[in-house]
Every structure is written in C-alpha cells, then in structure tokens.
Number of protein chains: 2
Amino acid sequence: MARTDLKPISKRPGYQAYGRLDQMLQIAAELFSDRGYHGTTVRDIAGKAGILSGSLYAHIRSKEDLLYEIVRRAADQFISSLEALRTRPNPPSERLRLALRAHVEVVAEHPERARVFLHEWTALRGKRRAEVRRLRDRYEALWGEILGDVVPTPDAKYARLLVLSAANWTYTWYRPDGPLSPEEVADRFTDLLLDGLGTKEGSG
Amino acid sequence: MARTDLKPISKRPGYQAYGRLDQMLQIAAELFSDRGYHGTTVRDIAGKAGILSGSLYAHIRSKEDLLYEIVRRAADQFISSLEALRTRPNPPSERLRLALRAHVEVVAEHPERARVFLHEWTALRGKRRAEVRRLRDRYEALWGEILGDVVPTPDAKYARLLVLSAANWTYTWYRPDGPLSPEEVADRFTDLLLDGLGTKEGSG
DNA sequence: CCTACCGATCGGTAGG
DNA sequence: CCTACCGATCGGTAGG
C-alpha cells in the first residue's frame, strides 16, 4: 500500500508545512474543486503557482498524483476527527452532536478539499481508486458506530444514510464567509435530527 | 431565453420519443454521470452510438448542447413532480412524504440524469449556467414552501437544508437494482425526519 | 452518416 | 525552474 507516488525530494511532514509541494496541492485542490479534475490542466495549476507546466514535474510524477494526495489527506482529516471522539465517554446523542460538529468543521476549514474528497475522487483509477474507496468505507463505518448507539438497530441503516447525507451535502452550500458558524449548523442539524421537525402538525 | 441550441432538424416532443437525438442524450447522460463532462469525449459518445464523432454534429452544435439539454430536461422532471403536489389538499407532513417520494422516484428512474443535474451542471458556462441555477433555485423554493408548512419559521431554513441534503445525496448511493424501493427509502427518511431518531437515549 | 481533416491543446519529457 | 519540445488527443468542420 504505497503511501504516495510523489517524488521523494524531501520528506515533508504534513499539509501545514507550506513547502512548495503543499502550495501546489492547495492550488490544485482549489482548481479541481472549481472546474473538476478533468476540467483542470497542468498549465492552470502551474500558472497559479507562477511557473511553467513542465516545471511542475520536478515535484510530481503525474497530474493524478496531485488528486490522489489531496484526497488521501482529506480522508485522513475526516477519519481522524471522528476517531478522536471514540475515546471520550459521552452519551450517544452527545457523540452524534460532536461528530457532526467535527465533520462540518472539516468542511468549513477547507471546503475545496472536502469537495475533492467527496466528489472528484472518482477520477482516480485502479489501485488508488480502490484505496480511496476503502477510506470512505471506513469513514462511513465510524458513522455507523455512532448511529448504532443512538438509534434502534432496524432503523440504524437509514439513520446513517440520513446523517451522512446531511453531513456530506454541506460542501455544496456551506460558505465559510457566510453567517453560519460550523458549530451552529451542526447543532441545528443535530437538534432537528434528534427531535424531529414535526412541530406544526394539524395546522395545515 | 432560448429553449435549446440543438439543431432544429425536427421538433421532437420529449425524452421518451427515442429518436436518434434522445438516444444520444441518454448515452451522453450515462457517460457524463460516469466520467464527468470533461472526462467524456465526443468520440466516446459517438462510439457508444455506433457512429463516428464527426457525425454527432448532424444532431448537435456542440458538446455543451448535450449537457445543457440533459440538465434542462432533468430539472423539468424534478420541478414538475413537486409542482404536481401543490394542488392536492394534503396535511403538511403528508405533503413532505409525497415530495420525498417524488424526488427519490425521479432519482431512481434515471440516476444518471439526476447525477448530471445535481453535479455536472457546473460545467456549463455563461447564460446556460445562470439559467440552470435559476431552475435549481426554483426547485429549492418549492421545497421551502413544503417545509414552511411543516416546521416553525425560525427552523424552516435548516429543515429545508436537512431535507434537501437527504434528497440530493441519494444519487450517490441509491441503486435501482438494490433491495430498497424508492418509496421505502422516502418513507423511512420521512419517518425519521418527522419523529427524530433519538429513541435510545440514556442507554449509553 | 462517412471520409478526411484542422488547429489547438493536452499531459509529459530531455537537457540544461 | 526554464527552454524547447513531443506524440496523442481534443472539439469541431467541409464536402460529399
């Protein structure tokens, strides 16, 4: 399970180091999110980085390297933010609230990475695509754990789908510069999910 | 507001007529859904239709014509299926149930068109993109009407986001050949949304 | 709908 | 990271 195919010029620790490679990954994530993987050219990416397209290949081996690395790191963020909650001894409904907060916060922090993780990953092929699918399955399994403690078993499947839908769709509408904080969004969703929205019945 | 830029060779009534153009739209929808608009070539489309790429242009003026026409027709389906419910005098929660059924049924009938409508539309540019955005806004406004009758005003905004998330995310996981009927999915979601999923509390 | 193409652009490389 | 490319493929067209 090769961790990455990026050129081993230097062993950079993480996304936040802001070396040249990290900068290129950030630029690529924005463009892939905006125009899609196939709608983005290596010249677009190089141009935004202030270099010529050929020079990109001093840092990467292929365009797909960039997509893979963005997706893999985003998956790590989503997964580890949920795993961090497992150790805390909270009641199930509180764990649901914290999990939704964690998810929306990851989306809010880097919407472009979230979008690439949740959609553009389909442009990956072969082994890398299969690996990303496993990461996605793992993330969904973590949600299954959380929901299994909240909802009776026969409903847990639909509950998981419902919660994941709400969580995953956020990247299509949430704007970090908008009026809603990630926490506010997550808490409203949690309240509506736990209590239900049927509070006006009989009036129609 | 030009309705279409397709060549006016013949005035075909609708999608179900299965003339040559409709067949090409169906093929294009499947490929766009599968590989994305930019990931699909006109040679892919022509190949699946059993002709050469140049021959496509006897039916269309550009590749974008195909995308636009698929998206426009899909939008019509989603919108009219919700508008059809407005005339019926149902209680609000029942209208929510019927609306979710209608949405999931449209997704289930043609998942590839739903996917193109809900995602690949972003590949459209200029006027066509703006027009599709208006169609999407209109669809969301119809949901706003429905939710406004179910939920108290301050929560209606989040309720609409929650329901639309559940509805719109279905195309990513729903499989027509799977064990779940559209109605079953919609009804489970409706029950969970109306009643809430917090039924195990205190056990964790 | 085919034959036969076109200019533009694509991802990527060699050699500095 | 640049100069200078490469072969392949792209969306699309002219003329039948």
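Below, each value reflects all heavy atoms present in this structure, side chains not excepted, and no hydrogens, waters or symmetry copies. First the proteins, then the strands, lettered A, B, ... as listed; each starts at 1.
The residues B/R128 and B/D65 are annotated as salt-bridged, a charged nitrogen and a carboxylate oxygen being separated by less than 4.0 angstrom.
A stem is defined here as three or more consecutive Watson-Crick or G-U pairs, each with both distances under 3.5 Å; for DNA chain D these stems are C:1-16 with D:1-16.
Sequence neighbours left out, the pairs with a member in residues 158-173 of chain A that pass salt bridge (Lys or Arg N to Asp or Glu O under 4.0 Å) are A/E140-A/R160.
Checking each of B/Y171, B/Y68, B/F78 against B/F117 for a ring pair (Phe, Tyr, Trp, His ring centres under 6.0 Å) leaves exactly one that passes, namely B/F78. For the pairing with A/Y158, the side chain to side chain contact (heavy atoms under 4.5 Å, CB included) check across B/D187, B/D191, B/L180 returns one residue only, B/L180.
Taking B/D44 as the reference, B/R35, B/T41 meet the side chain to side chain donor-acceptor pair (under 3.5 Å) condition, with sequence neighbours excluded. Residues forming a salt bridge (Lys or Arg N to Asp or Glu O under 4.0 Å) with B/E183 (at least two apart in sequence, or on another chain): B/R101.
The shortest distance between side-chain heavy atoms of A/L124 and A/E64 falls below 4.5 Å. Residues B/R88 and B/R95 are not in side-chain contact: their nearest non-hydrogen atoms beyond the backbone lie 4.5 Å or more apart. Residues B/R136 and B/L118 form a side-chain contact, since some pair of their non-hydrogen atoms from C-beta on lies under 4.5 Å apart. Looking at heavy atoms from C-beta onward, B/E69 lies out of side-chain contact with B/I60 at the 4.5 angstrom threshold.
Spacing between atom CG of B/L52 and atom P of C/dC2 amounts to 5 Å, rounded to whole angstrom units.
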So which protein nitrogen or oxygen atoms get under 3.5 Å of nucleotides 11-16 of chain D's nitrogens or oxygens?
| unit_1 | atom_1 | unit_2 | atom_2 | d |
| --- | --- | --- | --- | --- |
| D/dG11 | OP1 | B/T40 | O | 3.3 |
| D/dG11 | OP1 | B/K63 | NZ | 2.9 |
| D/dG11 | OP2 | B/V42 | N | 2.9 |
| D/dG11 | N7 | B/R43 | NH1 | 2.8 |
| D/dG11 | O6 | B/R43 | NH2 | 3.0 |
| D/dG12 | OP2 | B/Y57 | OH | 2.8 |
| D/dG12 | OP2 | B/K63 | N | 2.8 |

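Near DNA chain C, meaning a heavy atom under 4.0 Å from it, residues 44-51 of chain B has B/I51 in order of number.
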